[in-house]
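All remarks here apply to the structure that follows.
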Amino acid sequence: MFLSDMNEKQSAVISKINISDDFSRRLCDMGFIKGEKVICIRKALFSSPILFSVKGSEVALRKKDADKIEVVL
């Protein structure tokens with residue numbers, strides 16, 4: 001399952017990040033790391049962007065970026 005597949009108010013744990021560029025480093029700095037709990041707070045119309053809570057912060061990601069982060073419920 002990917003971050004983009006999560007429903008609002010659903011929580012999961014990050015299992016894999018499939019991004020290999022500088023954006024991966026930025027995600028890591030924001031708290032998106034393997035083993036971290038993430039909560040889907042809100043989805044915009046057409047599911048982009050999606051607002052997540054991770055490590056006490058709220059971060060909005062584009063759907064195409066959320067499609068590259070795998071999670072387990």
Side-chain angles (χ1 to χ4, degrees):
M1 171 176 210
F2 296 95
L3 278 180
S4 58
D5 298 327
M6 293 175 63
N7 296 319
E8 289 184 4
K9 306 214 181 354
Q10 189 174 35
S11 64
V13 176
I14 298 171
S15 61
K16 187 175 182 183
I17 299 176
N18 301 313
I19 301 172
S20 60
D21 57 4
D22 291 336
F23 189 59
S24 175
R25 173 70 180 165
R26 293 188 67 205
L27 286 174
C28 184
D29 291 343
M30 291 186 282
F32 288 89
I33 54 176
K34 185 176 178 179
E36 192 63 45
K37 181 181 175 183
V38 62
I39 302 169
C40 178
I41 297 174
R42 187 174 305 125
K43 287 187 171 185
L45 190 61
F46 304 114
S47 296
S48 189
I50 306 169
L51 184 63
F52 297 99
S53 173
V54 62
K55 287 194 133 180
S57 297
E58 293 184 356
V59 179
L61 294 178
R62 297 175 293 186
K63 183 181 182 308
K64 74 176 196 171
D65 296 323
D67 284 338
K68 298 177 184 175
I69 301 174
E70 295 180 39
V71 295
V72 290
L73 298 178

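- To the nearest 0.5 angstrom, Arg26 atom CZ is 11.5 Å from Ser24 atom OG.
- Scored by the side chain to side chain donor-acceptor pair (under 3.5 Å) test, Glu58 finds no partners at all (sequence neighbours excluded).
- Linking ILVMFWY side-chain heavy atoms closer than 4.5 Å, directly or via other members, places Val54 and Leu3 in a single hydrophobic cluster.
- The salt bridge (Lys or Arg N to Asp or Glu O under 4.0 Å) check on Asp5 picks up nothing, with sequence neighbours excluded.
- The line from CD1 of Ile50 to CE of Met6 is 9.5 Å long, rounded to the nearest 0.5 Å.
- For the side-chain contact (heavy atoms from CB on, under 4.5 Å) test, residues two or more places apart in sequence or in another chain that qualify with Ala60 are Pro49, Leu51.
- Connection of Ile33 to Phe2 is not established within any shared hydrophobic cluster, with ILVMFWY side chains joined at heavy-atom distances below 4.5 Å, either directly or through further cluster members.
- Every pair tested for salt bridge (charged side-chain N to carboxylate O under 4.0 Å, His left out) that includes a residue from residues 30-57 fails, sequence neighbours excluded, so the list is empty.
- Put simply, the residue from Val38, Leu61, Asn18 that forms a side-chain contact (heavy atoms from CB on, under 4.5 Å) with Ile69 is Leu61.
- Applying the side-chain contact (heavy atoms from CB on, under 4.5 Å) rule to Leu73 yields the partners Met1, Gln10, Ala12; only residues at least two apart in sequence or on another chain are considered.
- Residues Ile39 and Val59 do not share a hydrophobic cluster, defined by chaining ILVMFWY side chains whose heavy atoms lie under 4.5 Å apart.
- Here CE of Met30 is found 11.5 Å from CZ of Arg25. Values are rounded to the nearest 0.5 Å.
- For the residue pair Ser48 and Ala44, the shortest heavy atom distance occurs at O-CB, 3.6 Å.
- Distance CD1/Ile19 to CG/Asp67: 10.0 Å, rounded to 0.5 Å.
- Scored by the side chain to side chain donor-acceptor pair (under 3.5 Å) test, Asp29 finds no partners at all (sequence neighbours excluded).
- Going from atom NZ of Lys63 over to atom OG of Ser4 covers 4.5 Å, rounded to the nearest 0.5 Å.
- Under the 4.5 Å side-chain heavy-atom criterion for Ile, Leu, Val, Met, Phe, Trp and Tyr, Phe23 and Ile14 are members of the same hydrophobic cluster.
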